[in-house]
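Numbers for residues simply follow the sequence, beginning at 1.
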Amino acid sequence: PKLDEFEQYVFVVMHGLARTEGRLRPVEVDVCLGKNFLVTVHSEPVRSIESVCARVEKKSPIFKRGADFLFYAIADAMIDSYFPVIEDLEQRVDELEEKLLSNSTEQVLRELFAVYHELAVLRRTLAPHREVLSRLNRGDLAVITPMNGRVMGNPYFVPPGPERHMVLIKGYDPKTKQFITNDAGTQ
């Protein structure tokens, strides 16, 4: 992931997640964002982008709020798409812990290592987004309007702020079974 600022636009590289043959892998999404345009480039369909496009086609007000808010909606949908993966991994870890305690076999260990591999993929995919999201949240990019900058830069939700916000997942603590985030109020 990266963010490059140019005079009339910013270029952002983000990663979503996909499963191929049961294995988790990152999917690159390149974004070119200007004051009045947003272009995404990806090598395969990305569900989070498709879901935002479907909302726009159904006359959602997202499009009326500007290209920067459309980008925010896509980035938010991409971040939201991580949560089902995380929940699945949590459930699998719980199940494997039970199996390991009751019937420690080589197969259970293989499954556990596969989960650890997926957690490593998740960490490698998410961790580099920290710098990009931090740069977006600073609010000094010419292509993000101040109003939408406040929406994007609200890691500590306080009413009457936006309904939802992005939280950066920094890691996972297997002992407490909680994700480590940039938001002190998020468990």
Run the side-chain donor-acceptor check on residues 12-34: report pairs under 3.5 Å with partners two or more places apart or on a different chain.
{"residue": "Arg19", "atom": "NH1", "partner": "Gly22", "partner atom": "O", "Å": "3.2"}
{"residue": "Arg19", "atom": "NH1", "partner": "Glu118", "partner atom": "OE1", "Å": "3.4"}
{"residue": "Arg19", "atom": "NH1", "partner": "Glu118", "partner atom": "OE2", "Å": "2.7"}
{"residue": "Arg19", "atom": "NH2", "partner": "Asp88", "partner atom": "OD2", "Å": "3.4"}
{"residue": "Arg19", "atom": "NH2", "partner": "Glu118", "partner atom": "OE1", "Å": "3.2"}
{"residue": "Thr20", "atom": "OG1", "partner": "Arg25", "partner atom": "NE", "Å": "2.3"}
{"residue": "Thr20", "atom": "OG1", "partner": "Arg25", "partner atom": "NH2", "Å": "3.0"}
{"residue": "Arg23", "atom": "NH2", "partner": "His117", "partner atom": "NE2", "Å": "2.6"}
{"residue": "Arg25", "atom": "NH1", "partner": "Glu44", "partner atom": "OE1", "Å": "3.3"}
{"residue": "Arg25", "atom": "NH2", "partner": "Glu44", "partner atom": "OE1", "Å": "3.1"}
{"residue": "Arg25", "atom": "NH2", "partner": "Glu44", "partner atom": "OE2", "Å": "3.0"}

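Here the closest non-hydrogen pair linking Ser81 and Val85 is O-CG2, 4.0 Å. When all heavy atoms are compared, the tightest approach of Asp4 to Lys2 is OD2-NZ, 3.2 Å. Counting all heavy atoms, side chain and backbone alike, Leu126 lies closest to Tyr82 at CD2-CE1, 3.1 Å.
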Problem - Stepwise salt bridge (charged side-chain N to carboxylate O under 4.0 Å, His left out) check, Lys99 with Glu111 - result: CA-CA 10 Å; Lys99 282 184 182 178; Glu111 289 177 38; 3.7 Å; yes

Handout entry: Criterion side-chain contact (heavy atoms from CB on, under 4.5 Å) on Asn103 and Val108, from CA distance to verdict
Key = CA-CA 8 Å; Asn103 184 20; Val108 173; 5.7 Å; no

Exercise for the section: Determine, step by step, whether Leu96 and Leu109 satisfy the side-chain contact (heavy atoms from CB on, under 4.5 Å) criterion, reporting the C-alpha distance in whole Å, the side-chain angles of both residues, the deciding distance to 0.1 Å, and the verdict. Expected result: CA-CA 8 Å; Leu96 288 171; Leu109 289 174; over 6 Å; no

Problem - Asp76 vs Val52, side-chain contact (heavy atoms from CB on, under 4.5 Å): CA-CA, chis, key distance, verdict - result: CA-CA 10 Å; Asp76 187 53; Val52 172; over 6 Å; no

Handout entry: Worked verdict on Val121 versus Arg124 for side-chain contact (heavy atoms from CB on, under 4.5 Å)
Key = CA-CA 5 Å; Val121 169; Arg124 283 192 309 269; 3.5 Å; yes

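For Phe113, the CZ atom counts as loosely surrounded, since its 6.0 Å shell holds 12 or fewer non-hydrogen atoms of other residues, nucleotides or ligands.
Under the 4.5 Å side-chain heavy-atom criterion for Ile, Leu, Val, Met, Phe, Trp and Tyr, Val10 and Val39 are members of distinct hydrophobic clusters. Residues Ile74 and Val41 are members of separate hydrophobic clusters, defined by side-chain heavy-atom contacts under 4.5 angstrom among Ile, Leu, Val, Met, Phe, Trp and Tyr. Taken together through direct or relayed side-chain contacts under 4.5 Å among Ile, Leu, Val, Met, Phe, Trp and Tyr, Ile49 and Phe11 form parts of separate hydrophobic clusters.
Salt bridge status for Asp94 with Arg92: absent, with no side-chain N to carboxylate O gap under 4.0 Å. Using a 4.0 Å cut-off between a side-chain N of Lys or Arg and a carboxylate O of Asp or Glu, Arg110 and Glu106 qualify as a salt bridge.
The line from OG of Ser51 to CE of Met78 is 11.0 Å long, rounded to the nearest 0.5 Å. Rounding to the nearest 0.5 Å places NE2 of His129 at 6.0 Å from CD1 of Ile79.
Residues His42 and Thr40 are in side-chain contact: their nearest non-hydrogen atoms beyond the backbone lie under 4.5 Å apart. Leu112 places a side-chain heavy atom less than 4.5 Å from the side chain of Tyr116. Residues Glu50 and Arg47 have side chains in contact (heavy-atom distance under 4.5 Å, counting atoms from C-beta outward).
Every residue meeting the salt bridge (charged side-chain N to carboxylate O under 4.0 Å, His left out) condition with Glu5, not counting sequence neighbours, appears here in chain and number order: Arg135.
Ring planes of Phe69 and Tyr72: tilted class, angle from 30 to 60°.
A donor and an acceptor atom, one from each side chain of Glu87 and Gln91, are nowhere located under 3.5 Å apart.
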